[in-house]
Amino acid sequence: MTLSEEKRSLRAALVLPAGLALLHMPSGLPAPLYPLYQSTMGIDSTTVSLLFAAYVAGVMIGLMLMPLIAGYRSVLVWTCGLSIVADVLFLVAHTEWELYGGHLLQGIVLGVFTGVVPVVLAQFELSGSSKLVGRATTSANAIGLAAGPAWSGLLLEIAPWQGRLVWVIQIIVTLAVMPFMRTGGGGGEKARRKGEEAQPVRLRAVLAGMFGDLASRGAILAGFGAFVAGGLMSALGTLVIHRVVGVQNSLVEGTVVSMCFVLSAVFGALRIRRSDVSVTGQGLAWLFLGSLALGVTSVFTHLSVIVLATVLLGIGQGLGLQGATQIIAVHQPEATRGAAVSFFFILCYFGTTAASLGIGAVIPHTGLGPAFSYFSVANAALCLAGLMLCVLAGRRMRAAAVRGERTEAAPTS
């Protein structure tokens, strides 16, 4: 690799994760605005959860489209354009239907970016910095989630044109980064692999590998539980703080929700010198405690309780997703590794979908606070099951290592 090529690769390695973080912000920008939408448009808590479900559906559509479009140089440029269309829908929204359209389109944008950016970065030869780039890419999603609610809540409190200015700024910044989102690969996958016969990836083989051992099952529960917790906080965290806890300050509401994803970004970027199973187990333990704390929010209606839950969940998300993603990738053959990671994230987003749709169905019967608590406690039970799987997997790995050492130490005749 020449010096100029290396500079271009390093520049892309910085710009693309930054673009991913920027395009993830709209997933959290509406969170502090939901109370405003409730008062101006008349939407209820059930509609808010369904809006988030529309966003998650868009993410899954984007993830499924990603393998078909990842090889085209302008895919991220056009995706930025789609994000701007969604921002305009939020800007001019007067009914819930514009909100549904904006959430769905922003979900598709995030799904495409989440899938394409790691694929593009994996092609760069960054001579030893690839692990750093991987951690930066992993943290970009959490950084975008963290910045969105805090930024939106701040503007809602101190700036004019409430609920609109944040989308104007987002449109301007997205327009500014669009020219830098052109990727290095040209002509699509066929051009890149000209003359080579594509080998189909068998879904059954990929899923069998993902569910084939205790560590992988624990990793899937870690990812599922982390996304359920994130979905609950993103979809209804500000409403719970506003209506159940009784703190009616948009900046505080957005900051508390953002704190979860800030900690997730920090702990997800840490390079921990322990086994992947151990890191995943630690994440599950923190997620278990955080989900329990979130579950008692409707009983102990104090801001300190939900702040504590947010801190625990943020740490758990960062550690759990870092270890779980590594387990899923390492336990797959190289030919199916990308597909396995994609399926893993699709399963994770099923967790977010289940949380947003499920709680939306329960709220009319129980109310916001009890429904939020029930789903949080159920998520705690899932995390506990995943933790037990990781503990058993760790014991089996240590026992296998001991047997291997004894075999090597045994005298040969």
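No experiment lies behind these values; they were computed from the predicted model shown.
- Partners of M397 by side chain to side chain contact (heavy atoms under 4.5 Å, CB included), not counting sequence neighbours, listed by chain and number: V277.
- Within 6.0 Å of the CE atom in M388, the count of heavy atoms belonging to other residues, nucleotides or ligands does not exceed 12.
- Put simply, the side chain of T301 never gets that close to the backbone of V244: no donor and acceptor are under 3.5 Å apart.
- The shortest distance between side-chain heavy atoms of V228 and T352 does not fall below 4.5 Å.
- Side chain of H24 to main chain of L20: no donor-acceptor pair is present (N/O by atom type, distance under 3.5 Å, no hydrogens or angles).
- In this structure the side chain of L23 reaches within 4.5 angstrom of the side chain of C80, judged on heavy atoms.
- Partners of T174 according to the side-chain hydrogen bond (donor to acceptor under 3.5 Å, both in side chains) rule, which considers only residues two or more places apart in sequence or in another chain, do not exist here.
- Scored by the side-chain hydrogen bond (donor to acceptor under 3.5 Å, both in side chains) test, Y349 finds no partners at all (sequence neighbours excluded).
- With S74 contributing its side chain and V77 its backbone, the two residues share no donor-acceptor pair below 3.5 Å.
- Here the straight-line distance linking atom CD1 of I84 with atom CG of L175 works out to 3.5 Å at 0.5 Å rounding.
- Among all heavy-atom pairs drawn from F344 and A324, the shortest one is CZ-CB, 3.8 Å.
- Under the 3.5 Å distance criterion, with hydrogens and angles disregarded, no donor-acceptor pair is assigned to the side chains of N379 and S376.
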Problem - Check against side-chain contact (heavy atoms from CB on, under 4.5 Å), L16 and L76 - result: CA-CA 9 Å; L16 291 179; L76 297 184; 3.9 Å; yes
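- Minimum heavy-atom separation, C390 to T280: SG-CG2, 3.9 Å.
- Looking only at side-chain heavy atoms (C-beta outward), V311 and M259 come within less than 4.5 Å of each other.
- When the side chain to side chain contact (heavy atoms under 4.5 Å, CB included) test is applied to V177, the partners found at least two apart in sequence or on another chain are L22.
- Atoms CZ and CG, from R164 and L155 in turn, are 14.0 Å apart once rounded to the nearest 0.5 Å.
- By the side chain to side chain contact (heavy atoms under 4.5 Å, CB included) test, T366 pairs with V362, P370, A371, Y374, sequence neighbours left out.
- For G218 against L284, the heavy-atom pair with the smallest separation is O-CD1, 3.9 Å.
- For the side-chain hydrogen bond (donor to acceptor under 3.5 Å, both in side chains) test, residues two or more places apart in sequence or in another chain that qualify with S83 are Q106.
- Counting only heavy atoms from C-beta outward, the side chains of T40 and H94 never approach each other to under 4.5 Å.
- Atoms CG and CG, from D44 and L239 in turn, are 10.0 Å apart once rounded to the nearest 0.5 Å.
- In this structure, CG in L292 is found 11.0 Å from CG in L287, a value given to the nearest 0.5 Å.
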Practice task
List the steps and the verdict of side-chain contact (heavy atoms from CB on, under 4.5 Å) for Q317 and Q322.
Solution key: CA-CA 8 Å; Q317 279 184 327; Q322 181 194 119; over 6 Å; no
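- Contact check for I43 versus L51: side-chain heavy atoms found under the 4.5 Å cut-off.
- Sorted by first then second residue, the ring pair (Phe, Tyr, Trp, His ring centres under 6.0 Å) pairs that include residues 146-178, not counting sequence neighbours, are F90-W167.
- Here the side chain of E98 pairs no donor or acceptor atom with the backbone of A93 at under 3.5 angstrom.
- Using modelled atom types, one side-chain atom of S152 and one backbone atom of L29 make a donor-acceptor pair closer than 3.5 Å.
- By the ring pair (Phe, Tyr, Trp, His ring centres under 6.0 Å) test, F261 is found to be paired with no residue, residues two or more places apart in sequence or in another chain being considered.
- S264 contributes no side-chain N or O that, together with a main-chain N or O of C260, makes up a donor-acceptor pair within less than 3.5 Å.
- Shown here for L33 and G163, the closest heavy-atom pair between the two residues is CD2-CA, 3.9 Å.
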Problem - Worked verdict on F224 versus L382 for side-chain contact (heavy atoms from CB on, under 4.5 Å) - result: CA-CA 9 Å; F224 192 89; L382 282 177; 3.8 Å; yes
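- Taking the side chain as every heavy atom from C-beta outward, L232 and I359 approach each other to under 4.5 Å.
- S39 meets the side-chain hydrogen bond (donor to acceptor under 3.5 Å, both in side chains) test with no other residue; sequence neighbours excluded.
- Residues G111 and L63 share a closest heavy-atom pair of O-CD2, 3.6 Å.
- Between the CG atom in L312 and the CG atom in L263 there is a gap of 9.5 Å [rounded to 0.5 Å].
- Residues L89 and L99 have side chains not in contact (no heavy-atom distance under 4.5 Å, counting atoms from C-beta outward).
- Listed by chain and residue number, Y100 satisfy the ring pair (Phe, Tyr, Trp, His ring centres under 6.0 Å) test with W97 (two or more places apart in sequence, or in another chain).
- The side chain to side chain contact (heavy atoms under 4.5 Å, CB included) search around V391 returns L387, R395, not counting sequence neighbours.
- For residues 266-305, no pair satisfies ring pair (Phe, Tyr, Trp, His ring centres under 6.0 Å), with sequence neighbours left out.
- The closest side-chain heavy-atom distance from V377 to S291 is not below 4.5 Å.
- Note that CD1 of I169 is 9.0 Å distant from CE of M25, once rounded to the nearest 0.5 Å.
- Results of the side chain to side chain contact (heavy atoms under 4.5 Å, CB included) test with M181 over V75, T79, V15 single out V15 as the only residue that passes.
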Exercise for the section: For the pair I108 and V59, evaluate side-chain contact (heavy atoms from CB on, under 4.5 Å) and give the outcome as yes or no after the intermediate values. Expected result: CA-CA 5 Å; I108 294 173; V59 173; over 6 Å; no
